[in-house]
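First comes the structure, then the notes that go with it.
Please read all numbers here as calculations on a predicted model, not as lab measurements. Note that the numbering runs from 1 along the sequence shown for the chain.
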Amino acid sequence: MPNPRPMHTALDTPTQTARARILDCLAAAIAAVDGREATRRALARHPIEGPIWLCAIGKAAASMALGATEICGDACLGGLVVTKPGHADPTALAARGIACLFGGHPLPDRASLDAGARLIAALDDIPSQVTPLFLISGGASSLVEAPIQDIDLPELRRINAWLLASGLPIGQINRVRKCISRIKGGGLLSRIGDRPLRALAISDVPDNDPGVIGSGLLSPEPDLESHVLELPLPGWLNDQVHRGLAERGQSPAPGPEIELIADIATAMQAAAERASQLGLSVRLHPPPIQGDAAEQGRTFARILIDSEPGLHIWGGETTVALPDAPGRGGRNQHLALAAAIALAGHPDCLLLSAGTDGTDGPTEDAGALVDGWTLERAALEGFDAESALIAANSGQLLEASGDLIRTGPTDTNVMDLILGLKL
């Protein structure tokens, strides 16, 4: 659960108490969308008859797989988990007959391609009387891949690096990924045929669109071509998209129903309930937030400054257009730093922005919890906030100010949670 860096000694007792309350609300939110428990509940409500073989992909894959085996017991004949390094205990999974692979994130790597090949081979070998159970969560887009012909690993990484730095929303990013993949955009369905299957998902995307979660491994997008060709892509990438669309051919028939078992709204509600238990008034802002991280951070700061005492709760996923040589950080740290600049001189305002999966961009920090004194603490360490924001180097500054949050893997992934507290 959340374990922030030691607080700066200059913080007064009310501010320390307020920070502890915000972190308590974050912990409650994450617990409410735990992958293991969410999967257990879903399968207990609607059990699968007969033997199953499970395939879990994403940052919450291991916890979802363990939850499934606890309900299915001996009916589970084995399976495959593909997740991010550090997000699974291979020994615990092996004891249940489940193989565990680690792919690359946020950029695909050789292990991601190996996982794609392993997944395709495993699906081809499932006996006809066995039901495939798919457990999908955020991160799947990079963790497992089988690209179209003539796209090698360096080119695949180049494409993904451009997409992640582009500032495009995740739905548009994943449309491009679908075009250059043999398994995304419903591509896996060709390996399953007409057999029945079950699919559960934890949503890390706006509007809980199953075609966006993990780039829609089981969800064809009939209008993919018309949507993706409208995107502002560079010429070299547009050429790859055209090649991919030609190779993919006609979109597969509609896929199975994807059962949503956890999302950001659930996490936000849990945070609100915990805040009420702590005696705070609550303002719950409907999800999802989107758009530029810095702009959103400044907007949230203004709302806090002008509001009555209490906790504001937002959820969603922002974007950051990165400079050519970005520093350390992620979208949550970027948002928090922008908010901290606006909150300077307002000691009664605090704001937390964190990834519910426990990571933020390419870092192992979940995000940051800033207050009205953040910039002063950073300045004492020689950091200028505006310069750090322009350089996308929020992480270094926020480490120096003592504001980074590190939770470790959380066994879930439902986008980002932003908590703003006015004392």
Side-chain angles (χ1 to χ4, degrees), residues 4-5 8 15 18-19 22 26 164-170 206 283 285 287-307 311-356 359-363 365-406 415-422:
R5 294 174 54 82
H8 197 280
T15 302
R19 291 174 75 100
I22 292 179
L26 172 63
L164 293 175
S166 68
L168 291 173
I170 187 61
R283 173 72 185 276
H285 300 266
I289 61 160
Q290 300 181 66
D292 181 76
E295 290 182 7
Q296 292 287 18
R298 288 187 282 265
T299 296
F300 299 153
R302 288 192 293 269
I303 290 173
L304 281 181
I305 292 169
D306 295 338
S307 73
L311 185 75
H312 291 258
I313 303 174
W314 297 272
E317 185 170 298
T318 59
T319 58
V320 179
L322 296 175
D324 291 337
R328 170 186 170 188
R331 61 178 178 264
N332 287 286
Q333 294 161 65
H334 197 77
L335 186 154
L337 178 55
I341 294 172
L343 293 176
H346 295 275
D348 57 347
C349 296
L350 304 91
L351 185 134
L352 174 150
S353 185
T356 54
T359 59
D360 184 28
T363 76
D365 302 302
L369 170 53
V370 299
D371 55 52
W373 303 111
T374 291
L375 263 60
E376 287 193 20
R377 297 195 297 272
L380 289 173
E381 301 296 329
F383 284 89
D384 176 72
E386 292 287 357
S387 298
L389 194 67
I390 292 171
N393 193 31
S394 55
Q396 268 199 315
L397 182 149
L398 293 167
E399 181 178 40
S401 66
D403 292 327
L404 288 179
I405 299 170
R406 179 164 288 195
M415 297 195 289
D416 303 331
L417 187 69
I418 298 92
L419 305 175
L421 179 60
K422 174 73 172 287

Original post:
From Ile313 CD1 over to Leu26 CG, what is the distance, rounded to the nearest 0.5 angstrom?
Top reply: 11.0 Å
Subject >> Point-to-point distance, once rounded to the nearest 0.5 Å, from CG of Leu421 to CD1 of Ile22 >> reply: 4.5 Å
Subject >> Nearest atoms (heavy-atom pairs only) where His334 meets Ala293 >> reply: CD2-CB, 4.0 Å
**OP:** Would you check if the side chain of Asn393 reaches a backbone N or O of Arg328 as a donor-acceptor pair within less than 3.5 Å?
**Re:** yes
Original post:
How close do His285 and His312 get, heavy atom to heavy atom, and via which atoms?
Top reply: NE2-ND1, 2.9 Å
**OP:** Calculate, to the nearest 0.5 Å, the distance between atoms CD and CG belonging to Gln333 and Asp365 respectively.
**Re:** 5.0 Å
Original post:
Going through the checks in order, is the side-chain contact (heavy atoms from CB on, under 4.5 Å) test met by Met415 and Thr356?
Top reply: CA-CA 6 Å; Met415 297 195 289; Thr356 54; 5.5 Å; no
Original post:
What do the steps show when you test Ile305 against Leu343 for side-chain contact (heavy atoms from CB on, under 4.5 Å), and what is the final call?
Top reply: CA-CA 8 Å; Ile305 292 169; Leu343 293 176; 3.9 Å; yes
Original post:
Hey, is the main chain of Leu369 close enough, under 3.5 Å, to the side chain of Arg19 for a donor-acceptor pair?
Top reply: yes
Original post:
Nearest heavy-atom pair of Ile418 and Ser353: which atoms, and what distance?
Top reply: CG1-OG, 3.5 Å
**OP:** Work out which heavy atom in Ala321 is nearest to a heavy atom in Ser166; give both atom names and the distance.
**Re:** CB-O, 4.3 Å
Subject >> Smallest separation among heavy atoms of Thr15 and Pro347, with atom names >> reply: OG1-O, 4.3 Å
Original post:
Can you tell if the side chain of Ile390 reaches within under 4.5 Å of the side chain of Pro323, non-hydrogen atoms only?
Top reply: no
**OP:** First locate atom CG of Asp306, then atom SG of Cys349, and finally report the distance between them rounded to the nearest 0.5 Å.
**Re:** 9.0 Å
Original post:
Between atom CG of Asp292 and atom CG of Leu335, what is the distance when rounded to the nearest 0.5 Å?
Top reply: 9.0 Å
**OP:** Check Ala301 against Ala339 and note the closest heavy-atom contact, atom names and distance.
**Re:** CB-O, 3.8 Å
Original post:
Going by distance alone, is a donor N or O of one side chain under 3.5 Å from an acceptor N or O of the other, for Asp403 and Thr374?
Top reply: yes
Subject >> Between OG1 on residue Thr319 and CD on residue Glu295, distance to nearest 0.5 Å >> reply: 9.0 Å
Original post:
Donor-acceptor pair, Gln296 side chain versus Gln290 backbone, under 3.5 Å?
Top reply: yes
Original post:
Just by modelled atom types, is the Asp360 backbone N or O under 3.5 Å from a matching donor or acceptor in the Asn332 side chain?
Top reply: no
**OP:** Assess whether side-chain contact (heavy atoms from CB on, under 4.5 Å) is satisfied between Leu337 and Val370, documenting all intermediate values.
**Re:** CA-CA 7 Å; Leu337 178 55; Val370 299; over 6 Å; no
**OP:** Mind running side-chain contact (heavy atoms from CB on, under 4.5 Å) on Trp314 and Thr299 for me, showing each step along the way?
**Re:** CA-CA 12 Å; Trp314 297 272; Thr299 296; over 6 Å; no
**OP:** Determine the sole option in Leu350, Leu351, Leu311 for which the side-chain contact (heavy atoms from CB on, under 4.5 Å) test with Leu419 is passed.
**Re:** Leu311
